[in-house]
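Input: a single structure, listed below in structure tokens.
Proteins get letters first, then strands, A, B, ... in listed order; numbering begins at 1 in each.
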Number of protein chains: 2
Amino acid sequence: MQPRSSKSAARSGELRSPQEYRAGADVFKALGHSSRLLIVDALTRGERCVAELTELIGCDTSTVSNHLAVLRNVGLVADERRGQQVFYRIAAPCVTKVFACLEEVRSAREKQR
Amino acid sequence: MQPRSSKSAARSGELRSPQEYRAGADVFKALGHSSRLLIVDALTRGERCVAELTELIGCDTSTVSNHLAVLRNVGLVADERRGQQVFYRIAAPCVTKVFACLEEVRSAREKQR
DNA sequence: TGGAGATTTTGCCATTTTGCCAACAATGCA
DNA sequence: TGCATTGTTGGCAAAATGGCAAAATCTCCA
């Protein structure tokens with residue numbers, strides 16, 4: 001996306017800054033993968049360690065670790081090591097509401113056809 | 001993501017189906033691009049035609065059209081042709097709240113470091 | 001009908017994302 | 001210390017994504 005000039009930004013009703021859109025997009029990009037969405041859904045029900053999430057998803061541990069890093073980097077989850085295990089939990093409470101929103105989007109999509 | 005067996009799904013507390021995660025991820029994937037997020041933000045303030053959105057974003061019209069198709073395919077926006085122009089509008093009201101949620105995520109991320 | 005304006009579709013290429021494996025790091029325990 | 005357990009990191013190949021430009025489509029109007 002190219003930066004808007006302040007002139008065109010003003011004409012547009014002054015939305016948000018390119019940085020804000022980029023940061024926001026990164027958050028949604030993090031949620032935009034079925035495995036990561038599953039992880040978030042699972043963590044909504046309480047913290048889990050990497051091994052538990054790995055079994056839940058059914059792929060390589062390193063893959064899960066990478067997914068968790070994506071979620072952590074945007075601030076959606078937080079991690080805490082306890083002994084040999086690293087536990088992950090939801091860091092932003094509002095994500096627990098995303099599934100309700102998804103349901104709304106789905107009904108909107110069905111109405112549309 | 002590999003399909004979970006019903007057995008492991010049950011053990012995990014029966015979350016959602018792989019299809020649901022895939023569909024949900026598609027919605028977030030659609031929001032996971034700065035240009036598309038800008039489009040959604042703009043449409044939150046009222047409908048716009050493709051040409052207006054194109055000027056707002058500052059890239060090729062065909063690119064904007066493709067972005068709009070992504071948003072439309074997941075049900076986030078709806079289109080309506082009036083004369084030569086096609087107007088787009090928000091189809092799922094809840095998306096107007098996503099920016100508030102992004103703000104929460106951002107503050108959670110800052111607290112984390 | 002024919003031309004112009006608005007939008008969509010398609011093809012192509014560069015970039016990014018995914019997921020696996022192997023190697024490495026951190027922790028706990030004998 | 002030596003070793004098993006748990007996660008993370010780096011490298012690589014396959015797949016998906018993004019953006020432009022050309023071609024196609026649709027609509028209005030002369």
Side-chain angles (χ1 to χ4, degrees), chain A residues 1-4 18 21-40 42-43 47-74 76-89 112, chain B residues 1-4 18 21-40 42-43 47-74 76-89 112:
Chain A
M1 189 179 64
Q2 285 160 30
R4 289 165 293 127
Y21 291 118
R22 242 175 282 133
D26 284 340
V27 173
F28 289 120
K29 220 177 295 179
L31 291 170
H33 187 289
S34 54
S35 295
R36 290 194 293 264
L37 204 50
L38 167 49
I39 290 173
V40 167
L43 295 184
E47 64 173 21
R48 303 281 175 101
C49 70
V50 179
E52 289 172 320
L53 294 170
T54 296
E55 198 206 343
L56 206 51
I57 295 177
C59 68
D60 199 90
T61 304
S62 67
T63 299
V64 175
S65 181
N66 279 320
H67 282 315
L68 287 166
V70 172
L71 291 170
R72 180 163 27 82
N73 285 336
V74 299
L76 283 172
V77 306
D79 62 334
E80 181 190 355
R81 177 179 279 276
R82 289 207 291 278
Q84 289 172 299
Q85 300 174 322
V86 177
F87 288 86
Y88 281 82
R89 58 178 166 75
Q112 204 168 142
Chain B
M1 189 178 64
Q2 286 162 29
R4 288 165 293 128
Y21 291 117
R22 243 175 283 132
D26 284 340
V27 173
F28 289 119
K29 223 178 292 181
L31 291 171
H33 188 287
S34 54
S35 295
R36 291 196 291 264
L37 205 50
L38 168 50
I39 289 173
V40 167
L43 295 184
E47 64 174 21
R48 302 283 175 98
C49 70
V50 180
E52 290 172 320
L53 294 170
T54 297
E55 198 206 342
L56 206 51
I57 295 177
C59 68
D60 200 88
T61 304
S62 65
T63 300
V64 175
S65 181
N66 280 319
H67 282 314
L68 287 166
V70 172
L71 292 170
R72 179 163 27 81
N73 285 336
V74 299
L76 283 172
V77 305
D79 63 334
E80 182 191 354
R81 178 179 278 276
R82 289 207 292 276
Q84 289 172 300
Q85 300 175 322
V86 178
F87 288 86
Y88 282 81
R89 59 180 165 75
Q112 205 170 143

Among the nucleotides D:dG7, C:dT9, D:dG18, whichever has the atom closest to the side chain of B:Ser62 is C:dT9
Checklist entry - Are any of B:His67's side-chain N or O atoms less than 4.0 Å away from OP1 or OP2 of D:dG19? => result yes
Item to complete: Give a yes or no on whether the backbone of A:Leu38 and the side-chain of A:Arg36 come within a donor-acceptor separation of less than 3.5 Å.
Response: no
Atom CG of A:Asp79 and atom P of D:dT9 are separated, to the nearest Å, by 10 Å
Within the structure, does a side-chain N or O atom of A:His33 lie under 4.0 Å from either OP1 or OP2 of D:dA16?
-> no
note: A:Tyr21, atom OH; D:dG18, atom P; distance rounded to Å ~ 18 Å
Are any side-chain N or O atoms of B:Thr54 and backbone N or O atoms of B:Val50, one a donor and one an acceptor, separated by less than 3.5 Å?
-> yes
Per the under-4.0 Å heavy-atom filter, residues of residues 24-32 of chain B near DNA chain D come out as B:Lys29
Legend entry - Polar side-chain atom of A:Arg48 near backbone of A:Leu53 as donor-acceptor pair, under 3.5 Å: no
- Message: Within the structure provided, determine whether A:Leu43 and A:Arg89 are in side-chain contact (heavy-atom separation under 4.5 Å).
- Response: no
Nearest heavy-atom approach of B:Leu37 to A:Tyr21 is CD2-O, 3.5 Å
Here the gap from B:Asp60 atom CG to B:Ser62 atom OG, rounded to the nearest 0.5 Å, amounts to 3.5 Å
The nucleotide from C:dA22, D:dG18, C:dT10 with an atom nearest the side chain of B:Asn66 is C:dT10
Rounded to whole Å, CD of B:Glu80 lies from P of C:dT8 at a distance of 13 Å
I want to check one thing: is the phosphate of C:dA6, taken as OP1 and OP2, less than 4.0 Å away from some side-chain N or O of B:Tyr88?
no
Side-chain atoms of A:Val50 come closest, of C:dC20, D:dG7, C:dT8, to D:dG7
To the nearest angstrom, the CZ-C1' distance between A:Arg48 and D:dT6 comes to 18 Å
Residues passing the side chain to side chain donor-acceptor pair (under 3.5 Å) test with B:Glu47, sequence neighbours excluded, are B:Arg82
B:Leu68 atom CG is separated from D:dG19 atom C1', nearest whole Å, by 14 Å
Taken to the nearest 0.5 Å, the spacing of A:Tyr88 OH from A:Leu76 CG works out to 13.0 Å
Using the 3.5 Å cut-off, write out each protein N or O paired with an N or O of nucleotides 24-30 of chain D and the distance between them.
| residue | atom | partner | partner atom | Å |
| --- | --- | --- | --- | --- |
| D:dT27 | O2 | B:Gln84 | NE2 | 3.4 |

A:Ser65 has its side chain closest, among D:dC20, D:dT8, C:dG19, to D:dT8
Whole-Å distance, B:Leu71 CG to D:dT17 P, equals 14 Å
Whole-Å distance, A:Asp60 CG to D:dT9 P, equals 15 Å
A:Gln85 CD to C:dT27 C1', in whole Å, measures 11 Å
Interatomic distance, SG@B:Cys49 vs CG@B:Asp79, rounded to 0.5 Å, equals 12.5 Å
Worksheet item: Under 4.0 Å between a side-chain N or O of A:Thr63 and OP1 or OP2 of C:dC20?
Response: yes
